[in-house]
Amino acid sequence: MLSRVADSLYWLSRYLERAEHTARLLDLTLNQALDLSPAIAGQRWQMVLASLRAPALNTINAYQLTDHLTFDLKNKDSIVSCITSARENARQIREQISSEMWEQLNQLYLTVRRADIDSIYWQPHEFYRPIKEGAHLFQGITDSIMSRGEGWHFIQLGRFIERASSTATLLDAHLRVLLKQGEQAAGGHDYLSWVALLKSCTSFEAYCQVYTADIRPERIAEFLMLNAESPRSVRFAAEAIQKSLETLVQLTGSRQAGRAQRLAGRLRATLDYAQVDEIMADNIHAYLDNIQRLCAQIHSAVQQQYITYSIETALAS
Amino acid sequence: MTQENSEKIGSSALSLPFANYQLDTAYDEMFTAAGKPRVQYEALYRRLLDLAPSELKQRQQTADVAFLNQGITFTVYGHGEGTEKIFPYDLLPRIITADEWTTLERGLTQRITALNLFLKDIYHDEKILKDGVVPRELIYSCKHYRREMRGLRVRRDIYVSVVGTDLVRVNDGQFAVLEDNLRVPSGVSYMLANRQVMKKVFPGLFGSYNVRPIDHYGQALLATLRALAPPSRPDPTIVLLTPGVFNSAYYEHTFLARQMGIELVEGRDLLVHDNVVYMRTTAGLRRVDVIYRRLDDDFIDPLAFRPDSILGVPGLFNAYRAGNVALANAIGTGIADDKALYAYVPRIIKYYLDEDPVLANVETYLLDEDAQRQHVLENLDKLVVKAVGESGGYGMLIGPHSTADQREEFKRRIIADPRNYIAQPTLALSRAACFIEGQVEARHVDLRPYILYGEQITIVPSGLTRVALRRGSLVVNSSQGGGSKDTWVLF
């Protein structure tokens, strides 16, 4: 497969995952803000910014911030920017993906381009829900009709590297605020915020099935990081990344297991053999930082191994 | 056929859906006289009389939907960054008899053979220039002449592997050559797609005719490209080089790559190391042996040609020069389809093959000759003026349909740069039956067959019949409101 094509598939998938993640977070925050005092709502929005790796703001204007995170094309991480980039990548390789995949993505693009902040702000759920569904539909179509060749594995890599990294960031941002609050509020914790965290990973119901509705920080952290079955957990993503990398090595032949595979193995080991109480007792922020760093390293290793390798290394091997 | 309809065929008055069908001085592909179809069109004519107009409309819709769903589009320039459009498809086939095709095949083979010999001569011994058959200035002043190609041997001495020659049928029904497209001719995907759609929309009618198949074009093209591979590369890697998604023919590039089962690459996918071309794949670098390039000479290598090209591959020309990669078509073939050189092609055929041309040329005035220029400037309202280096219907004046302002503008341009223009009489292009808004009407058409030159010359029996869909219009280019129809060559 051409490196350019692999690269486009990877980014198309990664951008779409990012758009969906942001849509979920905004949908939930806008909904929750209804129940909160302005001060607490402001705090929630700062948490949203931290969860998206966006810089903190001095004053929060929910309307402007929603616009910025959803529609602002100057913000390359806004939902519309991400969907536009995903579509642009798909367009570059239009002949490599099925018509069904293309049409679904194109439809999603047209839907978000038609809207603006004023048309959605008072009924945001009506706007964000179709984005989540659109992304899910695209993934469903991809999984049900695309053959499991190199292309599919690059799509998997894009999706799960993005998911592992953004879930770790999200969790870290929430824990930094909520754990501190929990200490201050002595014995009580902000139930709504913890539920919001789970819901923004579409994991509230799945969590309840495992732990009942008894919301406890260490269980939430365990579920989002270490649960082996939930496709939203970091561990699940790490496993998917590792599997796809292994298959890619086989599919592309000769080359020895590279740096990306070693890093993916390390990421998996970090998660597979971890105990949540130990992590919490030690330093959970450092632990989550490490996960994010590994994701970034896997990304650049994949780029170097398959996409941007130098001529000299390619001719030498 | 119903009783009622059989009466209509005999009568001279035209029956629906032919009520609006007009015959004029132009050669009519379908009729010899009102209500009298040519032999090869009789079955089609009867079928059209039988079908209710609503049914015809429905079939046109079926066809349109088929094109839409397949995404068979082209891009029109000049409006922002280009808009994608469906290429209009006309429902009714254009039918060419076996005899007519035999002549076309003979004529095209002769013409391509001679032009290819001409290219080899121009870039090596220049005998034809020394013998004064073609003026030296004409060659050296052509913007498609490539000095870099002097003395460079190309594989099998084949310069033009893929040709799309534009033919028109003039008043007496004879085919004449209007343009030789020897650089990167496009449109073959529409020829193939039109046939696919035709078989879906009119299966019965198609089956009742004995039409020569064309589905093997992809295979024939692949075999042609394979024949160009360096001899040291028995199992060559062949790729199609596209300028990218913004090119007007991008759909065709993806279509052909799929048909041949070869990789569709852009310039940034290729790199040159030690005069060898590689493509960058996830499994490492892979050597490339033959490039079917759909990119003009100018853009192919920024080191050798236009330095601002970001579409090309730096170093490609050196790899080509070293014989490590073949290009189809070769660099510098544009000299042989220069519109001014066109006037000399009959003499070129005579010179190399000692044969008279099978297919005639259209009378052409060269504007750097004083007497001819004077005549043209005085008769701009009757003539067609074309810029020699342009294609796609751009940079063209159609005298009878022009305004005084446009003629003044062209007069100015011709005087400023006479070598850059030619003039031809306004041709009465033949007219074919087309399905227009529920009726059958006559519209002007041309024909572009596709000729492949590898180990031997192959012409897939069909071509792209382009239609000027606007009433009275003579411009068939897709960028200027043209459409196309399926072209049947009978056994």
Side-chain angles (χ1 to χ4, degrees), chain A residues 1-10 12 87-103 105-106 149-155 157-158 244-245 247-256 258 260 301-317, chain B residues 65-73 75 81-82 84 189 237 239-247 249-288 294 311 313-315 319:
Chain A
M1 168 173 278
L2 286 175
S3 300
R4 171 176 55 85
V5 173
D7 195 39
S8 282
L9 288 169
Y10 173 86
L12 135 69
R87 176 185 181 266
E88 197 44 47
N89 274 288
R91 191 169 131 74
Q92 300 279 343
I93 50 161
R94 174 63 192 84
E95 72 288 352
Q96 302 277 345
I97 58 175
S98 66
S99 311
E100 288 87 349
M101 287 163 72
W102 164 252
E103 278 165 25
L105 191 53
N106 199 33
E150 284 181 53
W152 189 78
H153 287 286
F154 278 103
I155 286 182
L157 282 183
S244 281
L245 284 173
T247 315
L248 280 173
V249 166
Q250 285 160 17
L251 288 175
T252 56
S254 67
R255 245 171 311 164
Q256 69 279 35
V302 167
Q303 289 283 320
Q304 268 168 31
Q305 194 165 336
Y306 295 105
I307 319 279
T308 57
Y309 52 80
S310 73
I311 305 170
E312 289 70 23
T313 49
L315 289 172
S317 67
Chain B
V65 168
F67 278 98
L68 196 66
N69 288 349
Q70 288 180 56
I72 302 178
T73 57
T75 310
E81 61 171 20
E84 269 180 57
S189 61
T237 299
V239 299
L240 192 156
L241 175 61
T242 173
V245 290
F246 294 108
N247 186 264
Y250 184 71
Y251 164 74
E252 175 156 306
H253 305 160
T254 63
F255 178 89
L256 290 175
R258 251 201 319 262
Q259 290 275 311
M260 290 188 279
I262 65 174
E263 210 68 75
L264 176 71
V265 303
E266 295 180 21
R268 55 193 161 130
D269 296 321
L270 300 181
L271 56 94
V272 179
H273 183 79
D274 271 350
N275 284 345
V276 172
V277 182
Y278 296 93
M279 66 176 156
R280 190 181 271 284
T281 79
T282 51
L285 297 180
R286 180 149 159 224
R287 183 169 172 168
V288 172
R294 299 291 300 254
L311 302 173
V313 186

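In what follows, every chain begins at residue 1, and chains take the letters A, B, ... in the order their sequences are listed. Only heavy atoms go into these numbers, but all of them, side chains included; no hydrogens, no water, no symmetry mates.
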Hey, is A:R4 close enough to B:E266 for a salt bridge, meaning N to O under 4.0 Å? yes

Roughly how far apart are A:L2 CG and B:L270 CG, rounded to 0.5 Å? 8.5 Å

Toward chain A, the part of B:R258 with a non-hydrogen atom under 4.5 Å: side chain

A:E150 portion near chain B, given a 4.5 angstrom heavy-atom threshold: side chain

The interface call for A:I311 against chain B, heavy-atom contacts under 4.5 Å, is both

For the pair A:S3 (side chain) and B:T281 (backbone), establish whether a donor and an acceptor sit closer than 3.5 Å, ignoring hydrogens and angles. yes

Looking at chain A, which one of B:E263, B:R286, B:M279 has the largest number of heavy-atom pairs inside 4.5 Å, strictly under? B:E263

Counting only non-hydrogen atoms closer than 4.5 Å, does B:F255 touch chain A with its backbone (N, CA, C, O), its side chain (CB onward), both, or neither? neither

For the side chain of B:R280 and the backbone of A:Y309, is there at least one donor-acceptor N/O pair under 3.5 Å apart? yes

Are any non-hydrogen side-chain atoms of B:T254 and A:R94 less than 4.5 angstrom apart? no

Chain A contact via B:L271 - which portion, at a heavy-atom distance below 4.5 Å: side chain

Exercise: identify the closest heavy-atom pair between A:A6 and B:T282: CB-CG2, 3.5 Å

Working to the nearest 0.5 Å, report the span between OH of B:Y250 and CZ of A:R91. 9.0 Å

